[in-house]
Amino acid sequence: MKVGFIGTGSMGSLLIESFIHSDALKPQQILASNRTYSKVAELARRYPGLHAAQSNRETAEESDILFICVKPLESKTVTDEIRNVITEEQIVVSITSPVQIRILEHALKAKVSKIIPSITHQIGSGASLCIHGNRITEEDRSLLEELMSHISRPIRVKESHTRITSDFSSCGPAFLAFFMDQWIQAAVQATGIDRMELCALAGEMIIGTGKLLTEGGMTPAELQARVAVPGGITAEALALLDISLHSVFPELIRATHNKYEEDMQKIDVSFGLKPINRQQY
């Protein structure tokens, strides 16, 4: 099986390296192309056997599974490049959430899926969101999800829920890191404690909390109740957070969904389609 990657930027290269490090794929099974050839050439240098293709058409033509790892508004350019070499037997996977499956199925003959990855796959963790098109068979689904299972936990979601699930699985690590960074910064300023000491402590805390939610059978509410003794320090701090963050998360969801809607409309226009007025937030 040959697996191709068009785009070797941040997420494209992360997927390639994660598949190799997890032994899901051998470098000899991978070919890749990038607008800047030197980037894919560097990957080929680091992973002998990986083929640095000279063009996106070459990558598409030689791949059984093709990951398209480009920015949303570059999708039309890529599909135009590869349209004439893609066949009905190939599987094309977009990792770009605003590019709808209906658009890719209209643009290409291939079987189409959308898989939204996460930076957490770098350490073989986190969820990958799987949305499969109408041409994908159950065998194809199993093949893709088995591949992703080497670096993540594949979870099937509705395309209409792509944005909200991506807020947690894909954007979530950055949101959580922002919260932790602000908390650590305040602690350092207040007490003079070493920043790296707290970073390490926070990391262990996040790992343990995640395991309680995934393996320990706890919900977030149950976890809070177990830790917060009535009248205690944790309960006092949670009351403050409840007041201070009351409107933050609805606004966060509104911000991500509005940007998502904006991107989808731009993509519709780029493919010559009439923009669809979807749910507004």
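The analysis underlying the following values was restricted to heavy atoms, covering all of them including side chains, and did not include hydrogens, waters or symmetry mates.
- Under the ring-ring contact (aromatic ring centres under 6.0 Å, His included) criterion, the residue pairs touching residues 24-62 are His21-Tyr47, with sequence neighbours excluded.
- Sorted by first then second residue, the salt bridge (Lys or Arg N to Asp or Glu O under 4.0 Å) pairs that include residues 107-123, not counting sequence neighbours, are Lys111-Asp140, Lys114-Glu159.
- Other residues, nucleotides and ligands contribute only 12 or fewer heavy atoms inside 6.0 Å of the CZ atom of Phe249.
- Residue pairs satisfying the salt bridge (Lys or Arg N to Asp or Glu O under 4.0 Å) criterion with at least one member in residues 221-248, sequence neighbours excluded, are absent.
- Of the possible donor and acceptor atoms, one in the side chain of Gln29 sits under 3.5 Å from a partner among the backbone N and O of Met1.
- Donor-acceptor pairing under 3.5 Å is lacking for the side chains of Gln100 and His106.
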Quiz item: When you look at Glu145 and Arg156, which way does the salt bridge (Lys or Arg N to Asp or Glu O under 4.0 Å) test go after all the steps?
Solution: CA-CA 9 Å; Glu145 292 172 14; Arg156 295 184 191 181; 2.6 Å; yes

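- Comment: Arg83 engages Asp80 in a salt bridge, judged by a side-chain N to carboxylate O separation of less than 4.0 angstrom.
- The pair Glu138-Arg141 counts as a salt bridge, with a side-chain nitrogen and a carboxylate oxygen less than 4.0 angstrom apart.
- Other cluster members for Val188: Ile184, Ile193, Leu198, Leu201, joined by side-chain heavy-atom distances under 4.5 Å among Ile, Leu, Val, Met, Phe, Trp and Tyr.
- The number of heavy-atom neighbours closer than 6.0 Å to NZ of Lys39, taken from other residues, nucleotides and ligands shown, is 12 or below.
- One N or O on the side chain of Ser13 and one on the backbone of Gly9 form a donor-acceptor pair closer than 3.5 Å.
- Listed by first and then second residue, the salt bridge (Lys or Arg N to Asp or Glu O under 4.0 Å) pairs that reach into residues 48-70 come to none, sequence neighbours excluded.
- Sparse packing is recorded around CZ of Arg35, with 12 or fewer heavy atoms of other residues, nucleotides or ligands lying under 6.0 Å away.
- Linking Ile, Leu, Val, Met, Phe, Trp and Tyr residues whenever their side-chain heavy atoms come within less than 4.5 Å places Ile65 and Met11 in a single cluster.
- Here CD1 of Ile95 is found 7.5 Å from CD1 of Ile116. Values are rounded to the nearest 0.5 Å.
- Judged as a side-chain contact (heavy atoms from CB on, under 4.5 Å), and not counting sequence neighbours, the contacts of Val112 are Ile101, Leu104, Glu105.
- By the neighbour-count criterion of 12 heavy atoms within 6.0 Å, atom CG of Asn134 is sparsely surrounded, having that number or fewer from other residues, nucleotides or ligands.
- The one candidate from Ile91, Thr137, Ile136 that meets the side-chain contact (heavy atoms from CB on, under 4.5 Å) condition with Leu143 is Ile91.
- Scanning for side-chain hydrogen bond (donor to acceptor under 3.5 Å, both in side chains) contacts around Arg135 gives an empty result, with sequence neighbours left out.
- Ion pair Asp268/Arg102 flagged as a salt bridge, since at least one NZ, NE, NH1 or NH2 atom sits closer than 4.0 Å to an Asp/Glu carboxylate oxygen.
- Annotation: Phe168, atom CZ; neighbour count of heavy atoms from other residues, nucleotides and ligands within 6.0 Å does not exceed 12.
- Under the side-chain contact (heavy atoms from CB on, under 4.5 Å) criterion, Leu213 pairs with Thr209, Pro220, Leu223, not counting sequence neighbours.
- Heavy atoms of other residues, nucleotides or ligands lying less than 6.0 angstrom from CD1 of Ile119 number 12 at most.
- The local environment of CD in Glu88 is sparse, with at most 12 non-hydrogen atoms from other residues, nucleotides or ligands closer than 6.0 Å.
- Listed by first and then second residue, the side chain to side chain donor-acceptor pair (under 3.5 Å) pairs that reach into residues 169-187 are Asp181-Arg195, sequence neighbours excluded.
- Cluster membership check: Ile151 shares its hydrophobic cluster with Val3, using side-chain heavy-atom separations under 4.5 Å among Ile, Leu, Val, Met, Phe, Trp and Tyr.
- The side-chain contact (heavy atoms from CB on, under 4.5 Å) check on Leu238 picks up Gln224, Ala228, Thr234, Leu241, with sequence neighbours excluded.
- Checked against Ile6 for a side-chain contact (heavy atoms from CB on, under 4.5 Å), the options Val40, Asn34, Leu66 give a single hit: Leu66.
- The salt bridge (Lys or Arg N to Asp or Glu O under 4.0 Å) analysis of residues 6-18, with sequence neighbours excluded, yields the pairs Glu17-Arg46.
- A distance of 8.0 Å separates CG of Leu25 from NE2 of His150, quoted to the nearest 0.5 Å.
- There is a path of hydrophobic side-chain contacts, each under 4.5 Å, that joins Ile86 to Val78.
- When the side-chain contact (heavy atoms from CB on, under 4.5 Å) test is applied to Pro72, the partners found at least two apart in sequence or on another chain are Thr96, Pro98, Ile267.
- Under the 30°/60° scheme for interplanar angles, the aromatic rings of Phe19 and Phe5 are found to be tilted.
- The hydrophobic clustering, which links ILVMFWY residues whose side-chain heavy atoms are closer than 4.5 Å, places Leu144 and Met148 together.
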